[in-house]
Amino acid sequence: TIGNGVTNIGTYAFASCTNLRNLVVGNRVYNIGDHSFDWCRSMTNATISDAVTRIEDYAFNNCTTLKTVTLGSNVLSLGASAFRECGALTKFNIPNSVKNIDGGAFGYCDGLTNITFGTGLTNIGSGAFANCSSLRNVNIPDNVISLQSSAFSYCFSLTNVAIGNGTTNIGANAFQSCSGMKTATI
């Protein structure tokens, strides 16, 4: 548990703490810095408080046993590769507060089968969900304006995609090699 006196978790603060299993972020932490929990390969649960507004690049990269993440209701942005290679994640709920998912944020999360997007989301970055080989269905909310290049490329199990009415840009290779796709509603 990160205490309520802490307001910022800096770059590499807990990186490679290979025996860290459970994380609870205190009610005053507003930022989880780059690589903060990178390579914490025993972590199974992370609970992020409502005070956190930004999860920086590679914050939880390669936390291969991370199964459950509960994001607070005020996170605005998920940084590049923030949850990259978190293969034990099977589902993830993006709160309504999140506006932007940066490139590669969930890349190579090969156990991820279900992603739920909040209504505040406007941008899904390049390769944000690339190589999520177990992802089955994607429903892009109406307020998402842009799907960047390769956003869902190589999601071999992806069978159904529904893209909301507000999307004006679908980037190059956005769904490249999604060989299982049967239905795309644009």
Side-chain angles (χ1 to χ4, degrees), residues 30-36 46 48 50-62 66 69-87 89-186:
Y30 66 89
N31 184 67
I32 298 176
D34 293 345
H35 300 273
S36 291
I48 311 300
D50 287 341
V52 174
T53 58
R54 173 99 177 132
I55 297 175
E56 300 286 352
D57 300 349
Y58 295 90
F60 293 91
N61 176 58
N62 229 311
L66 185 59
V69 176
T70 305
L71 291 182
S73 61
N74 292 309
V75 175
L76 298 173
S77 184
L78 301 177
S81 300
F83 293 95
R84 186 177 191 267
E85 294 188 53
C86 292
L89 281 176
T90 58
K91 62 183 179 176
F92 204 97
N93 293 317
I94 308 290
N96 292 336
S97 59
V98 173
K99 307 273 185 240
N100 186 57
I101 300 173
D102 286 345
F106 293 90
Y108 296 92
C109 289
D110 52 12
L112 191 62
T113 59
N114 184 32
I115 186 82
T116 303
F117 297 108
T119 57
L121 187 63
T122 59
N123 181 65
I124 298 175
S126 296
F129 295 92
N131 295 286
C132 290
S133 57
S134 299
L135 191 60
R136 291 191 173 88
N137 299 298
V138 171
N139 292 306
I140 307 296
D142 286 341
N143 47 317
V144 173
I145 296 166
S146 184
L147 296 173
Q148 300 296 323
S149 64
S150 303
F152 293 93
S153 63
Y154 299 97
C155 293
F156 303 119
S157 299
L158 189 58
T159 56
N160 300 299
V161 173
I163 298 173
N165 294 328
T167 302
T168 59
N169 177 60
I170 299 174
N173 309 313
F175 295 95
Q176 177 185 3
S177 297
C178 293
S179 55
M181 191 178 301
K182 294 179 180 171
T183 304
T185 305
I186 303 171

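Small disclaimer: the values here were computed from a predicted structure and weren't measured. Computed from heavy atoms alone, side chains included, the values below leave out hydrogens, waters and symmetry copies.
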Item to check | Verdict with supporting geometry, I115 and F92, side-chain contact (heavy atoms from CB on, under 4.5 Å) | outcome: CA-CA 5 Å; I115 186 82; F92 204 97; 3.5 Å; yes

Checklist entry - Roughly how far, to the nearest 0.5 Å, is the CD1 atom of I170 from the CD1 atom of I163? => result 3.5 Å

Checklist outcome for this item: Across all chains, not counting sequence neighbours, the side chain to side chain donor-acceptor pair (under 3.5 Å) partners of S126 are S149

Checklist outcome for this item: Closest non-hydrogen contact found for G118 with P141 is O-CG, 3.6 Å

Checklist outcome for this item: All heavy atoms of Q148 vs all of G125, minimum pair found to be CB-C, 3.5 Å

Next on the checklist: My understanding is that only residues two or more places apart in sequence, or in another chain, count here; which of them pass side-chain contact (heavy atoms from CB on, under 4.5 Å) with A105?
Outcome noted: I101

Checklist entry - Which residue pairs pass the salt bridge (charged side-chain N to carboxylate O under 4.0 Å, His left out) test with at least one member in residues 157-169, sequence neighbours excluded? => result none

Checklist entry - How long is the span from the OG1 atom in T168 to the CG atom in L147, to the nearest 0.5 Å? => result 9.5 Å

Item to check | N114: side chain to side chain donor-acceptor pair (under 3.5 Å) partners, not counting sequence neighbours | outcome: none

Checklist outcome for this item: For N160, the side-chain contact (heavy atoms from CB on, under 4.5 Å) test, sequence neighbours excluded, returns N137, T183

Checklist entry - Looking only at heavy atoms, which two atoms of C178 and L158 are closest? And how far apart? => result SG-CD2, 4.1 Å

Checklist entry - Looking at L121 and N123, what are the two nearest heavy atoms and their distance? => result CD1-O, 3.5 Å

Checklist entry - To the nearest 0.5 Å, what is the distance between CG (N169) and CD1 (I145)? => result 10.0 Å

Checklist entry - For residues 103-113, which residue pairs qualify under side-chain hydrogen bond (donor to acceptor under 3.5 Å, both in side chains), counting only residues two or more places apart or in two chains? => result Y108-N131

Checklist outcome for this item: Residues at least two apart in sequence or cross-chain that pass side-chain contact (heavy atoms from CB on, under 4.5 Å) with F156, listed by chain then number, are S133, Y154, S177, S179

Item to check | Which residues share a side chain to side chain donor-acceptor pair (under 3.5 Å) with T116, sequence neighbours left out | outcome: N93

Checklist entry - Among all residues two or more places apart in sequence or in another chain, which pass the side chain to side chain donor-acceptor pair (under 3.5 Å) test with D142? => result none

Item to check | Residue pairs fulfilling ring pair (Phe, Tyr, Trp, His ring centres under 6.0 Å) with at least one residue in residues 120-145, sequence neighbours excluded | outcome: F106-F129, F117-F129, F129-F152

Counting only pairs under 3.5 Å, give me each side-chain donor-acceptor contact of residues 69-85, with atom names and distances, residues two or more places apart or in other chains.
{"unit_1": "S73", "atom_1": "OG", "unit_2": "D50", "atom_2": "OD1", "d": "3.2"}
{"unit_1": "N74", "atom_1": "ND2", "unit_2": "D50", "atom_2": "O", "d": "2.8"}
{"unit_1": "S77", "atom_1": "OG", "unit_2": "R54", "atom_2": "NH1", "d": "2.4"}

Item to check | Euclidean distance, T53 OG1 relative to I32 CD1, rounded to 0.5 Å | outcome: 9.5 Å

Item to check | Point-to-point distance, once rounded to the nearest 0.5 Å, from OG of S134 to CG of L89 | outcome: 11.5 Å

Next on the checklist: Enumerate the salt bridge (charged side-chain N to carboxylate O under 4.0 Å, His left out) contacts for residues 90-100, please, sequence neighbours excluded, ordered by first and then second residue.
Outcome noted: none

Next on the checklist: Nearest 0.5 angstrom please: S36 OG to N31 CG, how far?
Outcome noted: 7.5 Å

